[in-house]
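Take a look at the structure set out below.
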Amino acid sequence: MLKLNIEKQLGDLHLNVQAHIPLKGVCAIFGRSGAGKTSLVNVLGGLSTPDSGEIQLGERTLFTNTDSCSKAVNLPPEKRKIGYVFQEARLFPHYTVKGNLNYGVKQADKEHFTQIIELLGIEALLERYPNSLSGGEKQRVAIGRALLTSPTMLLMDEPLASLDLPRKRELIPYLQSLAKSLNIPIVYVSHSLSEILQLADYMIVLNEGQVVAQGPLTEVWNSDEMRPWLAAQELSSLLNAKVVGSHEHYPMTQLDLKDGNHLWVNGLLDSSLQNSSLKVRVEANHVSLCTSKPENSSIRNILSGVIKELHPNDNGEQVLVKVALGDDELWANVTSWACDDLGLRLGCHVYAQIKGVSMGPTDIAQSH
Ligand SMILES: Nc1ncnc2c1ncn2[C@@H]1O[C@H](COP(=O)(O)OP(=O)(O)OP(=O)(O)O)[C@@H](O)[C@H]1O
């Protein structure tokens, strides 16, 4: 685990973070502008020093000044073995890509070099200079440069923020392969929930310098702490599902949820995903509720569950209903009229309907 217990006063912001982050996979740091995300990453990387606390990366202490029995420790950035990728690639313009990649590498390891450039698809760029690269290519080189220092953790502070949408889309699959193949924790700062869905396994939500939620992605995503961050129109749930197979006649894929419910999603998923675990985003506005099992419905997904929470909105027009599907949870956004008409109450058994066409490729991501 990466264990963090730090405090730091930064102007008006009191950064006070206690967190446990797994040593493999992507941990997203999410929060409003000014919540302290970059400040936290800077503290991890040793670019800024906490007023007090402790940072433990596996067996290594990166920082401590709390334990009165032992010596204070504050490893400088170069001794932390941490790779850093910023919003901007920050490449040296007068070095080729190869020169940039090798910058900071103490002992050349040809095999490691080949592995990293293949993983990032930058073999063909090695002799080029940064000013001839696209934003996405520059960022891939910047990631390669960070990885070639053989870090024990990778910090990425909004690495896609400066890219346009097509470049973002181009980079995401590379980041997904990194997340799968690297055996080091990646701490990934982002404002974008769709990036987080596609990349992260774990999530920390920061608000005014404090952790308001942390844990596995699906748990935090579905938690009440996330509701204030999303308008009811944007609220969505993440379901954990396993790929079963495709429909015999139609281009749809069947997924199984843990509680035995099934889900049909639009399109055929890659056959390599057979039996793999996925996260599926379902928007609350795409879920309708029935108190008896619908028959002759065009909607393919009819999931049986129990109402766990009801949250009427401020103007009384709509009610957000949380439905428990075993351990998974599903938000439905219904009108107050429908809620009263159906007599929806806590503990009611309901059938949640989700249109198969409402879940597309950007709503589905593999769990690592
Ligand atoms: N050295 C400093 N001195 C004073 N205030 C600081 C310092 N560093 C950061 N802050 C303040 O701390 C707050 C958090 O900044 P930070 O950059 O960590 O936020 P963020 O969550 O990364 O925001 P964004 O999403 O906009 O990048 C801001 O209000 C910032 O002005």
Side-chain angles (χ1 to χ4, degrees), residues 30-32 191-194 196-197 203 205 207 212-241 255 257-266 278-360 362-365:
F30 178 76
R32 286 198 184 95
H191 275 111
S192 156
L193 283 173
S194 61
I196 290 177
L197 164 69
M203 184 170 178
V205 183
N207 190 29
V212 291
Q214 66 174 308
L217 180 66
T218 41
E219 254 173 51
V220 173
W221 192 293
N222 295 335
S223 69
D224 290 342
E225 284 76 15
M226 280 301 281
R227 248 180 338 113
W229 303 85
L230 303 165
Q233 292 77 6
E234 295 171 290
L235 192 73
S236 58
S237 324
L238 274 194
L239 299 177
N240 293 300
L255 310 177
L257 303 186
K258 271 200 237 137
D259 69 335
N261 274 303
H262 305 296
L263 203 59
W264 285 99
V265 296
N266 215 19
L278 302 180
K279 303 165 273 188
V280 183
R281 174 168 52 182
V282 182
E283 287 183 33
N285 276 355
H286 292 154
V287 181
S288 63
L289 299 177
C290 307
T291 46
S292 55
K293 190 164 187 180
E295 287 175 7
N296 306 321
S297 169
S298 67
I299 295 180
R300 304 292 85 186
N301 295 312
I302 298 173
L303 313 182
S304 154
V306 174
I307 295 184
K308 205 173 165 188
E309 292 175 24
L310 292 142
H311 300 274
N313 74 350
D314 289 344
N315 61 19
E317 286 171 1
Q318 292 163 4
V319 182
L320 278 170
V321 184
K322 191 189 258 185
V323 178
L325 308 168
D327 290 340
D328 279 317
E329 292 169 337
L330 181 70
W331 285 108
N333 191 22
V334 300
T335 60
S336 301
W337 180 17
C339 189
D340 292 342
D341 226 20
L342 295 177
L344 299 181
R345 299 279 176 276
L346 289 182
C348 268
H349 186 245
V350 286
Y351 293 88
Q353 299 195 109
I354 313 165
K355 283 179 107 169
V357 292
S358 70
M359 292 168 286
T362 55
D363 299 306
I364 299 168

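FYI, side chains are in, hydrogens and waters are out, and symmetry mates aren't considered; it's all heavy atoms of this structure. Here, residue 1 is the first one in the sequence, and each next residue gets the next number.
The shortest heavy-atom contact between S336 and V319 is OG-CG2, 3.8 Å. Considering every non-hydrogen atom in both S358 and D363, the closest pair reads O-OD2, 3.6 Å. Across H262 and N301, no two heavy atoms sit closer than the pair O-OD1, 4.1 Å. Heavy-atom minimum distance, A352 versus L330: CB-CD2, 3.6 Å. Counting all heavy atoms, side chain and backbone alike, V220 lies closest to A213 at CG1-CB, 3.9 Å.
Side-chain atoms of W331 do not come within 3.5 Å of backbone N or O of V287 as any donor-acceptor pair. T335 contributes no side-chain N or O that, together with a main-chain N or O of Q318, makes up a donor-acceptor pair within less than 3.5 Å. Side-chain atoms of K322 do not come within 3.5 Å of backbone N or O of D224 as any donor-acceptor pair. Between the N222 side chain and the L238 main chain, a donor and an acceptor come within less than 3.5 Å of each other. When atom types are taken as modelled, the side chain of K258 and the backbone of N240 share no donor-acceptor pair closer than 3.5 angstrom.
Between L344 and T291 there is a side-chain heavy-atom pair separated by less than 4.5 Å. The shortest side-chain heavy-atom distance between V321 and V323 falls under the 4.5 Å cut-off. You'll find the side chain of S194 reaches within 4.5 Å of the side chain of R281, heavy atoms only. Side-chain contact between V265 and L278 is absent, with no heavy-atom pair separated by less than 4.5 Å. In this structure, M203 and L193 have side chains that are in contact, with non-hydrogen atoms separated by less than 4.5 Å. In this structure the side chain of S237 never reaches within 4.5 angstrom of the side chain of E329, judged on heavy atoms. Counting heavy atoms from C-beta on, the side chains of V282 and M359 come closer than 4.5 Å. Using a 4.5 Å heavy-atom cutoff, the side chains of L320 and N313 are not in contact.
Separating the CG atom in L303 from the CD1 atom in I354 is a distance of 4.5 Å, to the nearest 0.5 Å. Atom CE of residue M226 and atom OG of residue S236 lie 8.0 Å apart, to the nearest 0.5 angstrom. Put simply, CD1 on I364 and CG on L239 are 11.0 Å apart, with the number rounded to the nearest 0.5 Å.
Taking the side chain to side chain donor-acceptor pair (under 3.5 Å) definition, one finds that Q353 meets it with S288, S297, sequence neighbours left out. When the ring-ring contact (aromatic ring centres under 6.0 Å, His included) test is applied to H191, no partner is found at least two apart in sequence or on another chain. Applying the side chain to side chain donor-acceptor pair (under 3.5 Å) test to K355 and every residue at least two apart in sequence or in another chain returns nothing.
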Decide side chain to side chain contact (heavy atoms under 4.5 Å, CB included) for W221 and K279; before the verdict, give the C-alpha distance in whole Å, the side-chain angles of both, and the deciding distance to 0.1 Å.
CA-CA 11 Å; W221 192 293; K279 303 165 273 188; over 6 Å; no
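For D327, the CG atom is loosely surrounded, since the number of other residues' heavy atoms within 6.0 Å does not exceed 12.
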